[in-house]
Structure formats: C-alpha cells, structure tokens
Amino acid sequence: MTNIRISNLVKKYGESNAVNNVDIDIKNSELFILLGPSGCGKTTTLLCIAGLIKPEEGEIWFDEQIVTSAEKNYYERPQDRNVAMVFQDYAIYPHMTVFKNIAFPLEIKNMDKKEIEKLVHSTAKSLGIEELLDRKPKQLSGGQRQRVALARAIVREPNAFLMDEPLSNLDAKLRIFARAELKKLHRRLGITTIYVTHDQIEAMSLGDRIAILNKGEIEQIDKPQTIFDLPKNLFVAGFIGSPPMNLIDGSVKEENGTVYFTTKKINYKVPSEFSIVKELKGKEIVLGIRPEDIKLSKNESDNSIKATIEIIELTGREFEVHLKVEEERIIALIRNIENFKINDVVNLIFDEEKLHFFNKETGENTYYESRK
Amino acid sequence: MTNIRISNLVKKYGESNAVNNVDIDIKNSELFILLGPSGCGKTTTLLCIAGLIKPEEGEIWFDEQIVTSAEKNYYERPQDRNVAMVFQDYAIYPHMTVFKNIAFPLEIKNMDKKEIEKLVHSTAKSLGIEELLDRKPKQLSGGQRQRVALARAIVREPNAFLMDEPLSNLDAKLRIFARAELKKLHRRLGITTIYVTHDQIEAMSLGDRIAILNKGEIEQIDKPQTIFDLPKNLFVAGFIGSPPMNLIDGSVKEENGTVYFTTKKINYKVPSEFSIVKELKGKEIVLGIRPEDIKLSKNESDNSIKATIEIIELTGREFEVHLKVEEERIIALIRNIENFKINDVVNLIFDEEKLHFFNKETGENTYYESRK
Amino acid sequence: MILPLWSGIMSALKTQADLAQTLPFAPPTTLVFDGFIASYNELIGPLFNSILFTSIATILSCLLGSICGFVVAKLKFRGSNTVFLLLTIGIFLPYQSIIIPLFITIRNLGIYDSLWVMVLVHTIYGIPMTTLLFRSYYESIPESLFKAAKVDGAGIMTIYQRIILPLSPLPFVVAGVFQFTSIWNDYLFALTLTNINFEPASFALSNIAGSTETAWNNVMAGSFLYSLPVIIIFVLLGKYLMQGLMAGAVKG
Amino acid sequence: MILPLWSGIMSALKTQADLAQTLPFAPPTTLVFDGFIASYNELIGPLFNSILFTSIATILSCLLGSICGFVVAKLKFRGSNTVFLLLTIGIFLPYQSIIIPLFITIRNLGIYDSLWVMVLVHTIYGIPMTTLLFRSYYESIPESLFKAAKVDGAGIMTIYQRIILPLSPLPFVVAGVFQFTSIWNDYLFALTLTNINFEPASFALSNIAGSTETAWNNVMAGSFLYSLPVIIIFVLLGKYLMQGLMAGAVKG
C-alpha cells in the first residue's frame with residue numbers, strides 16, 4: 001500500500017548508462033509493468049528500488065519517505081526497505097524445506113515461533129501449497145517453486161512486491177494460468193507491485209499501467225490498451241503486438257489537394273483525418289498498420305495496394321500471410337485463406353481507422369499528442 | 001531428396017523408455033515436424049536418425065538403404081550418413097571464422113580448396129551473410145549465428161536436414177521472420193527436413209506434417225490443419241492451441257430422446273451430429289471447445305451456459321476472458337469487451353461445429369475415426 | 001601406482017632375510033610384524049604430532065578460505081583483481097624461495113620447533129588454495145539467492161551462516177581432503193621449521209629410511225603407517241570427494 | 001609473503017658482515033654480488049637439469065592430460081567412474097608411501113639418477129591432476145559442438161585436433177604453470193631418485209643451505225636464482241593464468 005516515486009534515476013555500467021533519467025510515479029496498489037527488450041534497464045531499475053544496487057543519480061521515495069538519494073549519498077539498506085522480491089529463477093534456498101523458506105524472512109525479524117507457524121500455514125494454504133511444506137525445493141515442479149517464491153514474498157506483508165520475470169521459467173500453458181492467478185492475488189492483496197518482463201503479451205494482460213523502456217530510457221507510460229492503440233513512437237509500435245506492426249518507409253506527396261503516402265511503387269491516399277501529415281512534406285515518414293488490420297481481396301478497389309503472397313503460415317486459429325510489395329515485406333493476419341494461395345497477386349486494404357504515421361527522424365507518432 | 005523410414009524405434013535410458021515403438025514414414029522433400037513437450041523423446045528420435053545415439057530396438061532406412069538396425073547390431077557412423085544438423089545453440093565452432101565454420105564439413109571431405117571457396121561464397125550469399133565470412137562467432141548476433149549454422153548445413157547438399165529447435169534461441173520478433181525464411185529455403189532446396197520443436201505455433205506454421213510425441217510415443221501424425229481441427233485425443237487437444245482448448249469433464253445423459261452432456265451444473269444439449277456420444281452413456285466424457293469458438297452474450301438463449309467473469313486480460317488484439325462455471329474454469333477469446341466487466345454473469349454460446357467429445361478413459365476423440 | 005603400493009605392503013610383512021631373497025611383489029614366506037612393531041615405536045610420537053597440526057591447520061585454512069572465498073566471490077569490491085593475483089602467486093610461489101627468510105623470522109619469533117609454527121605456516125600457506133576453491137564454488141551459487149536473502153532482511157553475517165555455510169559441505173570435503181593430504185605430505189617445512197622437540201611424521205619417516213640402512217621391512221611398514229590416516233580419510237570421505245570433484249561447481 | 005621475499009632479496013645483496021649487523025629487510029649498506037656469483041657457480045648445472053626435466057615433464061603431462069581429459073569428459077564409457085576414482089587417489093596419494101618401492105623399481109630399471117627418471121616419474125605423477133583439470137574444462141564445452149563435428153563428418157582424432165585442441169589454450173596455461181611449479185618445487189623425488197650425476201636445483205639449493213653454514217647471502221641469492229624461472233613464467237603467462245583460473249570453465 002505504498003506509492004513509489006522514482007525521479008531522474010541514472011545508473012551507469014562503465015561508460016554506458018544502463019538507466020538514463022527515468023521518472024516514474026507508481027500509484028498505491030497499482031500493478032505496474034516495466035517492459036522492454038533485454039538490456040533496456042528494466043531489471044536495473046527494479047534492483048535500484050530494492051536497494052540492491054546504488055544509482056549514480058536520482059531519488060526513490062516510498063510514500064513520504066526517501067529510501068535512495070544519490071545526491072545525499074543516502075541508501076537505505078535492502079533489508080530495511082520491507083519490500084519483497086520474486087526472482088526469475090525463484091531463488092528458493094535449496095537447503096531449506098518449503099516451510100523454512102517461507103519462514104525465513106520472519107525468522108530474520110525474530111518473530112515469535114508460534115506466530116511464524118500460523119502465518120506460514122495460512123499463506124501456504126492461500127496459495128494451495130500447504131501439503132508441500134515439508135518438501136525440499138528439489139522435489140518441486142516449476143509451478144510449485146514459483147508459488148513457494150510468491151508465498152515467501154506475501155508472508156511478510158511488505159510495502160511492495162518487486163517481481164523480476166517471475167513467470168518466464170514456466171512452460172507456455174502453465175504461464176497463462178499463473179498469470180491469471182497472479183492477477184487475482186494482486187487484486188486480493190492490493191499491494192503495490194512492480195513487475196518486470198520482456199514479454200509484451202504478459203505485460204498487456206497483467207498491467208494496470210506499463211512503462212516501456214529502451215536503452216535505459218522510457219519510451220511510453222500508459223495503460224495497455226492505449227499503448228496498443230496509440231503507440232507513442234516507432235519503437236513502441238514495433239515492440240508491441242505479435243506479429244509486429246508493419247512499418248513502411250516512404251514520404252508525403254500532395255497532388256491536387258490530396259495527400260499521398262508514397263514509396264517507389266506504393267501511392268496510398270492518406271485518409272482525411274490524418275491530413276496533418278502533409279506538414280511533414282519532404283520528410284521521411286513511416287506508415288504503420290497492424291497485421292490484423294489488413295484485408296486481402298482479389299478485386300482492386302480505391303486505395304488498395306497490390307502485393308504478392310510469399311508464404312502462408314497457419315498459427316492455430318489464424319493464418320499469417322507474408323506478402324511482398326517491391327522490397328517491403330508485409331504481414332497480414334486473416335482467418336480464412338480459402339481464396340488465396342502462394343504467388344497470388346492480391347490487393348491489400350488497410351483499415352483506415354487503424355493507420356499510424358510516424359515521423360521517421362524523431363520516431364514520434366504524429367497523432368500521439370492530439371489523440372491522447 | 002531422401003525418404004526416411006523409422007520403424008519400431010525404442011531407446012531406453014535406464015529403466016524408462018525415452019522413445020517407445022515409434023513408427024514414422026517421412027516423405028521425400030517433406031518438412032516434417034516432431035512436436036512435443038520436453039522429455040517426450042523428440043530429440044532422442046532425431047539423434048537416432050543422425051546416428052549420434054544407438055537405439056535398443058528398431059530400424060531406420062534412408063531410401064532403400066538401412067542405416068540403423070538394432071536387430072542386426074548395424075549402426076552406420078554419423079559421419080557416413082551425410083545428414084546435416086542444426087542445433088538449438090547453433091554449435092558454431094568458436095575458434096573458427098564464419099568462412100572456416102561453413103567450410104569445415106567440406107574440408108573434412110578433402111574437397112578441392114577452390115571448390116570449397118566457391119561453394120562457401122555462394123551459400124553465404126544465398127543466406128545474406130557474405131560480408132560476415134571473416135568474422136569470429138563472438139562478433140555475431142543470434143540471428144547471424146543461426147544463419148551461419150544453416151549455411152554450414154546447406155553447403156554440403158546433404159541427404160536430409162535435421163533441425164533441433166533451431167529458432168528457440170531467437171527473440172520473439174526475429175523468430176517470426178526466421179520461420180518464414182526457413183520455409184522459403186526449404187521450398188527452394190527441396191531437401192527432406194526433420195524439425196524438432198516444443199513450440200506448437202512454430203510446428204503449425206512450418207510443417208508439412210506434424211508428429212506429436214508424448215512420453216516417447218506418437219499421439220498423432222497429420223497435417224497441421226487436421227491436427228488443429230480434429231485432434232485425435234485429449235493430449236493433442238490440450239497441447240495444440242494457445243490458450244489451450246477448454247476441456248470440461250462430465251457425463252452423457254439421455255432424456256426424452258435428447259442427448260445431454262452434464263456436469264453438476266451444466267446441462268448441455270449435444271448437437272445431433274454428435275449423437276454417437278450417447279453410446280458412451282454412463283462413462284465419463286470430456287467436452288472440448290477452443291477459446292475462440294465461444295461467444296459471450298448478455299442474453300440467455302437455447303443451450304447457453306451461465307458463467308461468471310473472473311478476469312479479463314488484453315493480449316494485443318484480443319481479450320482473454322477467464323470464466324468460472326462452478327469449479328470449471330473456461331477461457332474465451334473475444335475481440336470486443338465493451339459490454340462486459342469483471343464479476344458479470346454472462347451466457348456462453350459454443351460454436352456447435354467446433355465441439356469435440358473425448359472418451360475420458362481412453363482419451364480418444366470420439367469422432368476422429370469417422371471424420372478423418 | 002598400484003604395484004609399488006602392493007610390493008610395499010608385502011615387503012613390510014617380511015623378515016629381513018625373506019626380503020633379500022624374494023621379489024618385492026611376492027607375498028612373504030613367513031608373515032612377521034617385526035617391521036610394523038619397530039616402525040610403530042619410532043613413528044607413534046611424530047604421527048600424533050602430525051595428526052594434531054594437520055587437523056588444526058586443515059580446519060583453520062578451510063574455514064578462513066570459505067570466508068575469503070565468499071568475500072571474493074560475492075562482495076565484489078575494488079581491488080578484487082589484485083586479491084586474486086596475490087592468491088594466484090601465493091599458490092604457485094616456490095616454497096624454497098621463502099623458506100629461509102621464513103626460518104629466520106620464525107626463530108626470531110621464538111616459536112621454532114613447536115605445534116604452533118606448523119599450524120601457523122600451513123594455515124597461511126593453505127589459504128590461497130582454499131580461497132580459490134571456495135570462490136569457484138560460491139561463484140556457481142546463483143546471484144539471486146544472495147539478493148533474495150538481502151531483501152528478506154538478512155545481513156552479510158546472517159547470509160554467510162544461514163545460506164552459504166549450509167550449502168558448502170562438498171567444497172569443505174574437497175578443500176579439506178586436499179589440505180589434509182598436502183599438509184600431511186609436506187616435507188620441506190617439516191625439515192626446516194621443526195627439530196626433535198616437535199617432529200612431524202614425514203620427517204621421522206625419512207629418518208627411518210636414512211638411519212637403518214637396509215632394514216627395508218621397517219621402512220615399508222613405516223610408509224604404510226604413515227599413509228594410514230590419508231587412506232582412512234579417503235575411505236570415509238571418498239564418495240563426497242568424488243561428488244565434489246565431479247560436480248560442476250567445484251573443480252580440479 | 002611479500003616481507004620474507006623482500007628481505008630475502010635484500011640479504012642476497014649484502015656482504016656477510018653487513019648481514020650480521022642490519023635488519024633482514026633493511027637495504028644493504030654496500031651493494032655486493034658475491035652471494036649471487038657464489039651460488040650461480042654452484043647452481044648453474046642443477047638449474048639447467050631442472051629446467052630440462054621440468055619442461056619436458058610439464059609438456060608431456062599436459063598433452064597426455066589433455067587427451068585423457070577429452071576421453072573421460074566426452075567419450076563416456078563403462079568404468080569411467082572407476083577411472084575417475086583412480087585419478088582422485090593418484091592426486092591425493094602421499095608421495096612418501098610409494099617413494100621407497102619406487103626407488104627400488106627405478107634402481108632395478110637402471111635409470112636411477114638420470115634425466116629420464118625425473119621426466120618419467122613427474123609425467124606419470126602429473127597426469128591425474130592434468131587430466132582432472134582438462135576434464136573439467138572439456139565438460140564445459142557444449143556437447144552440441146562434438147555432435148556437430150561428428151555429423152559434419154569428423155572422426156574422433158579429427159575432433160580432438162581441430163576442435164578440442166584449438167579451444168584449449170587456457171587450460172594448457174593453467175595446467176602447464178601448475179605442473180611446472182610443482183615439478184620445479186619438488187624435493188622428495190629429487191632427494192630419492194637422483195644423486196650427483198643429475199642433481200636437480202631444489203636439491204642443490206638445500207645443499208648450499210646445509211654446507212655453508214651461515215653464508216646467508218649465498219643462500220638468499222641461491223633462493224632467488226632458484227625462483228627466477230617460476231617468476232619468469234609468471235610474468236609471461238600470469239595474465240592468461242588468471243584468465244584461466246577466473247573463467248567459469250577451468251577452476252582452481
């Protein structure tokens with residue numbers, strides 16, 4: 001039940017900045033996601049919050065209390081911050097039973113033995129691992145370990161949970177259910193949670209809000225739906241969504257009052273609601289369209305684009321169609337493939353409401369500010 | 001350009017059978033997938049084909065030539081089988097340049113130096129890694145390593161490619177494109193390929209045919225679409241598809257000539273085309289329905305099932321809705337969530353054409369034989 | 001390796017006359033324990049001395065090595081590379097190059113020819129090797145375990161006592177056996193830093209060999225008695241020693 | 001460790017008289033090389049002997065250890081656990097328990113007091129340790145590399161020559177330095193198996209210390225000369241040695 005404020009955080013490794021000027025304000029009881037590719041600084045940020053590493057600049061506040069301040073050279077020790085952490089490899093003490101593992105943080109606090117016993121049992125029960133208390137970690141499955149790690153975190157009633165990819169070692173199927181369990185647990189306990197992941201689907205489905213990091217800097221902080229519908233820049237557009245958004249390089253042309261997005265072969269009429277892009281005339285712009293927002297048609301129509309089908313892949317309930325327009329490769333996702341086969345020339349129809357236009361130089365989504 | 005036949009393969013590790021009575025007939029130029037969870041025996045089967053391990057029973061034929069026969073205690077050495085293998089970790093020789101890596105199998109054959117140079121260059125060119133030939137593996141990215149490993153395999157013009165999860169070390173985005181590249185490559189070269197993976201989406205999108213293995217035995221061999229639409233048994237039904245097919249335990253009841261699938265609270269009228277299930281009266285059966293074949297409605301209708309929404313997760317373009325019907329948990333996948341929120345009681349409507357009924361005892365899909 | 005050992009035991013059980021007439025590896029014609037009795041009387045005192053200082057020095061150097069290894073592996077600090085360099089030099093430095101100045105220093109300290117000089121010298125000389133062994137094992141313990149313990153509220157001392165030490169039985173066996181045998185086998189320190197007052201077994205054994213010119217049966221019996229503690233340790237700890245050596249964690 | 005080394009060098013550069021009057025670690029009042037010249041004359045022959053047999057035995061035991069390590073690590077076979085047990089015993093077995101039967105055997109073979117006996121004994125005695133070192137390094141080379149090479153058409157010999165050996169410079173440095181220093185420092189084999197004909201440096205050095213009772217400057221200079229080859233090896237290979245020791249692959 002803690003508000004966590006990070007201001008101007010900088011952490012250097014050697015010459016390069018692992019984390020660069022990160023500002024985040026995490027609300028009470030929020031499930032906040034730090035999302036990004038490996039090396040983006042998300043785990044470093046988490047470790048700074050835990051007090052396990054010392055940043056070179058910046059401050060971290062838990063509510064009204066400062067816990068890290070590089071300027072004042074003040075770093076509260078990790079053991080005094082009362083945060084609980086769940087690690088990717090679960091970090092279960094291998095020589096202790098499950099009971100001892102869960103009890104460990106309480107024993108450190110010199111809590112009364114009977115009290116410990118009661119707390120460990122009730123926590124284990126709430127996670128459905130009560131019958132495992134006498135086991136050694138070696139005898140547990142991946143999913144059980146994950147729950148032991150959760151139990152050890154929960155039992156302390158900490159100020160905040162810090163989770164570092166806690167689901168990434170589970171197999172795909174288990175992960176879907178563990179995700180749902182985690183979300184319910186968070187709702188029940190209402191403890192502020194900071195959750196690090198590189199998996200965008202996990203981030204989208206779990207988070208109240210998501211911060212997307214890249215090379216130590218924050219690219220966008222928003223709710224999942226907003227990030228999906230209105231990516232702030234090219235990085236976010238390419239990172240969120242699977243298969244990723246198609247991004248086509250081109251430029252703006254105006255002819256007889258109509259604005260066109262053009263490449264060597266494509267001449268695409270820009271819908272009127274995107275007319276501001278004409279201000280980028282002469283500059284390079286990028287058209288973005290998600291695979292699921294493209295329709296394939298045998299018949300040419302106004303503003304359709306000709307493409308050749310290279311490959312058709314079934315991915316379960318949908319087909320991923322890889323298309324070629326001159327050098328550009330475009331992926332479309334469609335449910336029914338009956339009318340199409342490889343090497344067919346087809347017409348692509350973009351859903352005009354789902355278009356994005358990015359300034360290539362700055363990477364900015366031209367419509368982010370106006371639509372936010 | 002080789003037909004590979006595996007008959008009655010058995011490989012034991014200690015007491016347990018890693019591979020048990022596996023029979024597969026892989027056609028010329030086919031891209032054949034061995035799919036299964038870890039420990040299912042898929043890699044063991046591949047290594048038997050490569051000659052790297054010796055099975056206790058069974059035979060392996062390359063066209064008309066026997067290469068492994070446990071009965072005759074005949075095992076052709078791996079170096080004489082002329083198969084090429086791509087490993088999960090790529091197995092690039094770290095002390096050799098890219099050129100030397102690709103040339104290695106040719107040098108072993110004592111091929112003429114000029115010939116080697118020509119072949120390596122043309123192969124590297126076809127994979128777009130010509131400018132990397134002088135680099136050491138350390139200087140390569142994951143995707144580049146993967147292509148070096150492919151080049152080393154291709155350069156020999158082998159009888160067959162054996163691939164052991166060659167894409168699993170690439171990040172999610174790269175994997176989608178590498179998959180398409182691999183498929184194109186296979187189409188161009190037309191060399192019989194056996195591809196091991198645990199990733200069902202990869203298997204579905206790449207394979208001409210898929211063999212699904214579980215605990216050393218084959219569960220189903222079919223085309224991807226068939227496996228998805230008509231899983232042979234409960235294991236396949238639960239393994240293929242993400243999120244997995246909902247599987248609900250219940251029994252068959254007949255009332256006034258109408259056949260019902262019943263659990264404690266569910267009383268679901270079995271559509272007439274599935275009427276054979278009434279032969280399973282009194283036995284336990286399992287109803288299977290994929291998350292994407294469930295519709296949610298505010299209004300009760302004929303044969304709808306009441307459920308409570310527990311969690312709604314955004315996964316990009318779709319929402320995963322976790323529902324509760326008594327103790328059963330059901331996942332539905334829908335595109336539009338506007339009308340629903342958590343704790344709502346909704347009505348589930350199953351797409352009647354997409355239903356599956358399994359005999360719980362044997363695991364068999366009751367309709368597999370008749371519809372195949 | 002087996003052959004000399006075998007013929008050694010055979011020789012120890014022979015009389016002097018028997019020894020001169022038979023091949024070294026042939027069994028004795030009459031079984032006698034003269035050799036054992038003679039060498040036992042000469043060796044019992046030195047053997048006791050050796051067991052004493054070897055055990056104490058082994059335990060001390062392992063304990064200190066475990067602590068140093070933990071510090072080097074997990075509490076990264078500036079200059080840890082320098083520490084590592086010093087450790088490496090400490091392991092490979094020839095005894096002989098420091099033995100004489102060491103001798104002078106020890107004399108001046110007035111602890112020449114005593115239990116304490118052997119314990120002191122062997123403990124210090126053993127620390128680099130044990131530190132390196134424990135370090136390589138501790139490096140293989142996942143970092144997240146330390147982080148988790150810290151976040152769970154434990155300080156450095158608690159982490160060492162409650163996490164590190166309970167995870168260390170295998171490296172303790174490996175380092176312990178290694179230290180025990182190399183201290184036990186040491187001849188040069190024994191030669192230089194002790195005399196009749198506190199005579200170690202390795203030195204006493206070479207005296208038997210030197211003094212009773214051709215009494216090979218005594219020498220063989222002495223060698224056998226001398227090897228006995230090491231053999232006992234092997235029999236008791238061999239299984240764990242092999243586990244420790246084969247484990248990915250602690251090597252060579 | 002540093003202090004005795006320093007006072008050793010200082011003492012070596014002093015006259016006898018100076019040595020008696022100053023503290024061991026004080027610099028000399030007049031710099032003289034008498035000590036070096038005297039000990040150089042006595043040591044040059046034995047030093048040459050030692051360099052010869054130490055180098056040959058080091059190279060042989062490393063090469064054989066590399067081959068054995070490869071076999072043990074990668075060509076799993078029945079009885080590989082037994083081999084491992086024998087290796088372990090070979091490392092920890094006390095010299096003293098086999099030295100006398102060994103002495104008799106060597107005498108009978110007629111190679112007593114020669115280059116070849118030292119090369120032979122040290123090579124054999126070194127193999128268990130080098131095998132273990134190389135094994136632990138080769139264990140860390142991913143299995144897939146061997147499989148890939150096999151599928152690529154290579155036989156066992158080709159794999160060893162073209163894949164394993166080129167990947168082994170670090171363990172060769174570690175095992176080489178380890179072997180060199182421990183063979184160089186050996187005293188017991190030198191004492192038992194050689195005499196005036198082929199006198200190793202470690203033995204000759206102790207003769208200087210024994211004969212010229214109080215000529216500490218000679219002894220110190222001798223110690224320094226004796227340590228020189230090891231120091232040179234350290235300076236040349238120290239960087240790689242530390243890399244090898246710190247690498248995950250080959251450990252302490």
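Since this is a predicted model, take the numbers as computed values, not measurements. In what follows, chains are A, B, ... by sequence order, proteins preceding strands, each numbered from 1.
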Checklist entry - Roughly how far apart are Glu143(C) CD and Leu52(A) CG, rounded to 0.5 Å? => result 9.5 Å
Checklist entry - Rounded to the nearest 0.5 Å, how far does CG of Leu145(C) lie from CG of Asp89(A)? => result 7.5 Å
Heavy-atom closest contact ([X] atom, [Y] atom, distance):
| X | Y | answer |
| --- | --- | --- |
| Arg162(C) | His95(A) | O-NE2, 2.8 Å |
| Gln79(A) | Gly155(C) | NE2-CA, 3.7 Å |
| Ala148(C) | Tyr93(A) | C-OH, 3.4 Å |

If you draw a 6.0 Å radius around [atom1] in [X], do more than 12 non-hydrogen atoms from other residues or ligands fall strictly inside?
| X | atom1 | result |
| --- | --- | --- |
| Glu64(A) | CD | no |
| Tyr112(C) | OH | yes |
| Asp80(A) | CG | yes |
| Tyr40(C) | OH | no |
| Lys74(C) | NZ | yes |

Acceptor/donor pairs from residues 60-71 of chain C side chains to any protein atom, 3.5 angstrom cut, sequence neighbours excluded:
residue, atom, partner, partner atom, Å
Ser61(C), OG, Ala57(C), O, 2.9
Ser61(C), OG, Thr58(C), O, 3.2
Ser61(C), OG, Gln179(C), NE2, 3.3
Ser66(C), OG, Tyr138(C), OH, 3.1
Ser66(C), OG, Tyr160(C), OH, 2.5

Give the table of side-chain donor-acceptor pairs shorter than 3.5 Å for residues 108-116 of chain A, with sequence neighbours excluded, one pair per line with atom names and distance.
residue, atom, partner, partner atom, Å
Asp112(A), OD2, Lys114(A), N, 3.3
Asp112(A), OD2, Glu115(A), N, 3.3

Checklist outcome for this item: Counting heavy-atom pairs under 4.5 angstrom with chain A, the leader among Thr158(C), Leu167(C), Asp152(C) is Asp152(C)
Item to check | Derivation and outcome, side-chain contact (heavy atoms from CB on, under 4.5 Å), residues Arg77(A) and Lys150(C) | outcome: CA-CA 9 Å; Arg77(A) 294 185 307 168; Lys150(C) 270 195 199 170; over 6 Å; no
Checklist outcome for this item: The interface call for Leu47(A) against chain C, heavy-atom contacts under 4.5 Å, is side chain
Checklist entry - Under a 4.5 Å heavy-atom cut-off, does chain C meet the side chain of Arg156(A), its backbone, both or neither? => result side chain
Next on the checklist: Counting C-beta onward and ignoring hydrogens, is there a side-chain heavy-atom pair between Ser144(C) and Asp164(A) closer than 4.5 Å?
Outcome noted: no
Next on the checklist: Quick one, Met96(A) with Ile163(C), criterion side-chain contact (heavy atoms from CB on, under 4.5 Å). Give me CA distance, side-chain angles, the key distance, then yes/no.
Outcome noted: CA-CA 9 Å; Met96(A) 300 182 189; Ile163(C) 311 285; 4.0 Å; yes
Checklist outcome for this item: Most contact-rich option vs chain C, by heavy-atom pairs under 4.5 angstrom, among Pro94(A), Ala84(A), Ala50(A), is Pro94(A)
